[in-house]
Amino acid sequence: MQTKPKPKRVPTRKILDTLAVMYPDAHCELDYRNPFELLIATILSAQSTDRQVNKVTKDLFAKHPTPESFLQLTEDELAEYIRGLGLFRNKSKNILKTCRILVEEYNGEVPKKRELLEKLPGVGRKTANVVLSNAFGIPALAVDTHVQRVSNRLALADSENPLETERQLMKKVPRAEWSDTHHRLIWHGRRICIARKPKCSLCDLLPYCWYGKNETNTKVK
DNA sequence: AACTCGGGGCA
DNA sequence: TGCCCAGAGTT
């Protein structure tokens with residue numbers, strides 16, 4: 001790794017506006033109808049694709065729409081539903097523990113506080129933020145691998161630590177734009193600013209991008 | 001900080 | 001065939 005010649009001034013406003021033009025309708029691509037389903041779908045999405053998650057949750061949520069209903073399932077039975085995903089045994093175990101807590105401590109509801117969400121098995125900082133923001137409209141900026149990578153490349157963040165990246169983004173991005181920005185960074189990370197060979201020649205952010213300017217060899221069709 | 005969980009999709 | 005996927009928990 002080279003020492004980073006950080007730009008003197010990051011044109012945050014231009015970056016956010018350009019992202020808005022590029023991805024005007026960016027949104028969560030997990031299928032869910034209520035906070036509980038979003039919580040489960042987000043736990044399931046760890047190291048898996050949202051398409052695979054949507055595939056397995058369709059049948060699962062149809063037959064088990066509530067945490068009470070999930071508790072009728074054994075660990076193996078739930079694992080069978082989500083077998084198409086990676087990490088399915090861990091997820092099955094964690095989700096059943098989480099459902100038990102929801103039923104026994106929160107009257108079957110998903111709590112709306114970060115501290116409580118993060119205590120649920122399988123729920124970390126990222127998942128908690130997704131639920132707060134998408135399900136409850138509580139401002140939060142979830143940092144996953146896409147947000148982390150794209151933020152680093154655009155010099156919106158200079159840390160590899162997701163929590164630190166979250167802090168830096170929250171300082172630079174107006175609170176009202178946290179949710180949209182989160183989704184747009186993800187869409188950008190999946191479509192253009194991909195990990196391996198970013199398609200810099202297709203990127204409207206190139207004029208504002210430290211990485212794109214310095215990695216000319218990565219420009220692929 | 002480094003492991004581990006992990007099957008499926010895609011180049 | 002190898003690499004990655006809207007991470008979290010444990011050591």
Side-chain angles (χ1 to χ4, degrees), chain A residues 1 19 22-23 25-32 35 37-60 75-76 78-101 110 114-136 140-154 156-157 159-166 169 173 178-199 202 218 220-221:
Chain A
M1 286 294 151
L19 280 170
M22 295 174 77
Y23 310 104
D25 54 353
H27 59 273
C28 178
E29 296 185 273
L30 295 171
D31 293 335
Y32 66 97
E37 290 188 355
L38 177 60
L39 174 65
I40 301 303
T42 307
I43 293 174
L44 290 176
S45 73
Q47 297 298 295
S48 303
T49 62
D50 52 346
R51 221 174 66 205
Q52 291 298 105
V53 172
N54 290 338
K55 201 179 295 180
V56 305
T57 54
K58 182 167 188 180
D59 195 33
L60 179 60
E75 216 172 287
D76 287 341
L78 178 53
E80 196 54 39
Y81 274 97
I82 63 175
R83 179 169 292 281
L85 307 176
L87 319 180
F88 65 96
R89 265 180 256 280
N90 285 343
K91 288 170 180 173
S92 176
K93 186 176 306 186
N94 284 334
I95 286 171
L96 287 182
K97 282 187 193 166
T98 282
C99 286
R100 190 159 296 115
I101 295 173
V110 178
R114 183 201 312 287
E115 315 83 77
L116 301 180
L117 283 167
E118 285 195 46
K119 275 196 254 177
L120 299 172
V123 179
R125 180 85 186 183
K126 184 259 173 181
T127 298
N129 278 351
V130 165
V131 171
L132 288 173
S133 175
N134 292 347
F136 299 130
L141 222 169
V143 176
D144 61 20
T145 55
H146 293 303
V147 174
Q148 178 68 51
R149 178 182 68 257
V150 176
S151 299
N152 285 148
R153 288 178 176 175
L154 289 168
L156 290 170
S159 168
E160 300 293 331
N161 181 327
L163 187 55
E164 177 58 21
T165 296
E166 182 184 327
L169 286 176
V173 179
W178 287 356
S179 178
D180 283 340
T181 300
H182 161 73
H183 292 117
R184 287 166 186 159
L185 288 174
I186 288 174
W187 280 36
H188 187 54
R190 296 175 69 174
R191 289 160 176 74
I192 293 182
C193 199
I194 53 184
R196 285 316 181 79
K197 294 186 174 180
K199 305 174 180 177
L202 298 180
T218 63
V220 172
K221 144 174 27 165

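Within every chain, numbering begins at 1; the chains are lettered A, B, ... in the order of the sequence lines, protein sequences first and strands thereafter.
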Counting any heavy atom closer than 4.0 Å, what does [X] reach on the DNA or RNA strands: base, sugar-phosphate only, or nothing?
{"X": "A/L185", "answer": "nothing"}
{"X": "A/Q52", "answer": "sugar-phosphate"}
{"X": "A/T127", "answer": "sugar-phosphate"}
{"X": "A/S45", "answer": "sugar-phosphate"}

Given the [atom1] atoms of [N] and [M], what is the spacing between them in whole Å?
{"N": "B/dC3", "M": "C/dA6", "atom1": "P", "result": "24 Å"}
{"N": "C/dA8", "M": "B/dG8", "atom1": "P", "result": "23 Å"}
{"N": "C/dT11", "M": "B/dG6", "atom1": "P", "result": "16 Å"}
{"N": "B/dC5", "M": "C/dC5", "atom1": "C1'", "result": "14 Å"}

**OP:** Say whether A/E166 and A/N129, considering side chains only, have a donor N or O and an acceptor N or O under 3.5 Å apart.
**Re:**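 Yes.
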Original post:
Where each residue is assigned the nucleotide of DNA chain C containing its nearest heavy atom, which of A/G122 and A/A195 is assigned the position nearer the 5′ end?
Top reply: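 That would be A/A195.
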Subject >> Residue met sooner reading DNA chain C from 5', once A/H182 and A/V123 are mapped to nucleotides >> reply: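 In this pair, the answer is A/H182.
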**OP:** Round to the nearest Å and state the distance from A/N54 atom CG to B/dG9 atom P.
**Re:**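 In whole Å, B/dG9 P and A/N54 CG are 14 Å from each other.
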Subject >> Interatomic distance, A/H146 NE2 vs C/dC5 P [rounded to whole Å] >> reply: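 In whole Å, C/dC5 P and A/H146 NE2 are 6 Å from each other.
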Original post:
With a distance cut-off below 6.0 Å to the six-membered ring centre and an angular limit of 45° from the axis, does A/R190 pair with A/W187 as a cation-pi contact?
Top reply: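 Here A/R190 fails the 6.0 Å and 45° test against A/W187.
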Original post:
Between A/S48 and A/R51, who's closer to the 5' end of DNA chain B by nearest nucleotide?
Top reply: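 Residue closer to the 5' terminus by nearest nucleotide: A/S48.
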Subject >> Exam field: side chain A/T42 to backbone A/T127, donor-acceptor pair closer than 3.5 Å >> reply: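 Side chain of A/T42 to backbone of A/T127, a donor-acceptor pair under 3.5 Å: no, none is there.
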**OP:** Check whether any side-chain nitrogen or oxygen of A/T49 sits under 4.0 Å from OP1 or OP2 of B/dG8, and answer yes or no.
**Re:**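 No, A/T49 has no side-chain N/O under 4.0 Å of OP1/OP2 on B/dG8.
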Original post:
With ring centroids as reference points, do A/Y23 and A/H183 lie under 6.0 angstrom apart?
Top reply: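 Here the rings of A/H183 and A/Y23 have centres that are no less than 6.0 Å from each other.
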Original post:
Charged N to carboxylate O under 4.0 angstrom, A/E75 versus A/R89?
Top reply: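 The answer is no: the pair does not qualify as a salt bridge.
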